[in-house]
2 protein chains.
Amino acid sequence: MSASDEQNLTPECRAERWLLEAGLRPTRQRKALASLLIGDGKHRHVTAESLYEAASAVGAAVSLATVYNTLRVFTDAGLLKEIGVEGPRSYFDTRTEDHPHFFYEEDGEMSDAPTGSIRISKLPEPPANAEIAGVDVVIRLRRKG
Amino acid sequence: MSASDEQNLTPECRAERWLLEAGLRPTRQRKALASLLIGDGKHRHVTAESLYEAASAVGAAVSLATVYNTLRVFTDAGLLKEIGVEGPRSYFDTRTEDHPHFFYEEDGEMSDAPTGSIRISKLPEPPANAEIAGVDVVIRLRRKG
DNA sequence: CTCAATGCAAAGTATTTGCAACCGA
DNA sequence: TCGGTTGCAAATACTTTGCATTGAG
């Protein structure tokens, strides 16, 4: 499983290996979705909807509900990472400057991280013709058992 | 409007001033919600649901739809800040380590920020009995006109 | 008075679930 | 075969909208 091995695999084979290493059964649908996600070895950002459309576009018959379920399964297995605060609920803060937040994964509780407790020493250069509107930092916390 | 002025206001008066300074009409419902949000001068994190419950608890009759609408109005007026990536849509990333993201506000497009382009030199101490599960950084971008 | 704000219900969008049919090991 | 997986439709959760009514300036 060296890096050079990975280079020469077909998308299908790469997808299957990705699934097997995570202990997931490589079913037809999972292989199709996995192949769309990592078949070319590049990273991707998808929503359930966008992945569903991509699958449809290449003729892979996967239902939208299965795409949702599969994304969840992949995420639980550590193959994907969900971006941003989970859940469909929006939070609003009476502090309007950019500042970091603590977010408790278990119960969805949100609170301010102590002022001055974080320093970002280097910010990425925004792409040409775009400017930075703000920076959101969410520190996800897990209660210790 | 000095800091010491702010100290001695009643919650109601503070709320009304907050609204007026943002150019919003201080209606009964808005004052009730504003008072719950900043009446004691402390910062708060709310969801539409939690604010609705808080209002109900103090006997303020405000419909849930109005709470949603009012939070949006407050946010548009700069009185509140919405936390996390906006929109009810979840994004999934094939890269599973913590790394920063660019998020285009206009069209919801998501992409990786260049590797190594950000450095967080100081992380907050997590509260006792909690550990940091991860750090999400989303750099919101606005296209230049 | 006038127009913005409200409230309700209904619509809209995102996501999950129940359960029968299916399929890979 | 057996239990994990799929697919559909229905359910759920969250949020916005249409429109008639209300109320602040």
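Labels below follow one simple rule: chain letters A, B, ... track the order of the sequence lines, proteins then strands, and each chain is numbered from 1.
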Side-chain donor-acceptor pairs under 3.5 Å in residues 121-140 of chain A, sequence neighbours left out?
from     : atom 1 : to       : atom 2 : distance (Å)
A:Ser121 : OG     : B:Arg119 : O      : 3.2
A:Lys122 : NZ     : B:Gly116 : O      : 2.9
A:Asp136 : OD1    : B:Lys81  : NZ     : 3.2
A:Asp136 : OD1    : B:Arg140 : NE     : 3.4
A:Asp136 : OD1    : B:Arg140 : NH2    : 3.1
A:Asp136 : OD2    : B:Arg140 : NE     : 2.9
A:Arg140 : NE     : B:Asp136 : OD1    : 3.4
A:Arg140 : NE     : B:Asp136 : OD2    : 2.9
A:Arg140 : NH1    : A:Glu105 : OE2    : 3.3
A:Arg140 : NH2    : B:Asp98  : OD1    : 3.3
A:Arg140 : NH2    : B:Asp136 : OD1    : 3.1

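The nearest heavy atom of DNA chain C to B:Tyr91 and to B:Thr70 marks one nucleotide each, and the one closer to the 5' end goes with B:Thr70.
Every residue two or more places apart in sequence or in another chain that forms a side chain to side chain contact (heavy atoms under 4.5 Å, CB included) with B:Ser56 is listed here: B:Tyr52. Listed by chain and number, the residues in a side chain to side chain contact (heavy atoms under 4.5 Å, CB included) with B:Pro26 are B:Glu16, B:Leu19, B:Leu20, B:Lys31 (sequence neighbours excluded). A:Ala55 is linked by a side chain to side chain contact (heavy atoms under 4.5 Å, CB included) to A:Leu33, A:Leu36, A:Ala60, counting only residues two or more places apart in sequence or in another chain.
Backbone-only contact: B:Arg89 has heavy atoms under 4.0 Å from sugar-phosphate atoms and none from a base. Using a 4.0 Å heavy-atom cutoff across all strands shown, A:Ser90 reaches sugar-phosphate atoms only and no base atom. Within the nucleic acid shown, A:Thr27 comes within 4.0 Å of sugar-phosphate atoms alone, with no base atom in reach, counting heavy atoms only.
Near DNA chain D, defined here as any heavy-atom distance below 4.0 Å, there are no residues from residues 50-59 of chain B.
Applying the ring-ring contact (aromatic ring centres under 6.0 Å, His included) test to pairs two or more places apart or on separate chains, those with a residue in residues 21-47 of chain B are A:His101-B:His45. Screening residues 8-28 of chain B for ring-ring contact (aromatic ring centres under 6.0 Å, His included) gives B:Trp18-B:Phe74 as the qualifying pairs, with residues at least two apart or on separate chains. Legend: salt bridge (Lys or Arg N to Asp or Glu O under 4.0 Å) pairs involving residues 60-78 of chain A, not counting sequence neighbours, sorted by first then second residue: A:Arg72-A:Glu82. Residue pairs that meet the ring-ring contact (aromatic ring centres under 6.0 Å, His included) test with at least one member in residues 121-145 of chain B, sequence neighbours left out, do not exist here.
Using five terminal pairs a side, the axes of the helix from C:dC1-D:dG25 to C:dA25-D:dT1 at its two ends make an angle of 40°, given in steps of 10 degrees.
Side chains of A:Leu141 and A:Glu106 form no contact here, defined as non-hydrogen atoms less than 4.5 Å apart. Looking only at side-chain heavy atoms (C-beta outward), A:Val46 and A:Leu80 stay at 4.5 Å or farther from each other. Within the 4.5 Å cutoff, the side chain of B:Pro114 has heavy atoms near those of the B:Phe102 side chain.
Both A:Leu79 and A:Tyr68 are part of a single hydrophobic cluster, where members link through side-chain heavy atoms under 4.5 Å apart.
Taking a heavy-atom distance under 4.0 Å as the criterion, the stretch of DNA chain C touched by chain A extends 5' to 3' from C:dA14 to C:dA25. First and last contacting nucleotides of DNA chain D toward chain A (any atom under 4.0 angstrom from a heavy atom, 5' to 3' order): D:dG3 to D:dT15.
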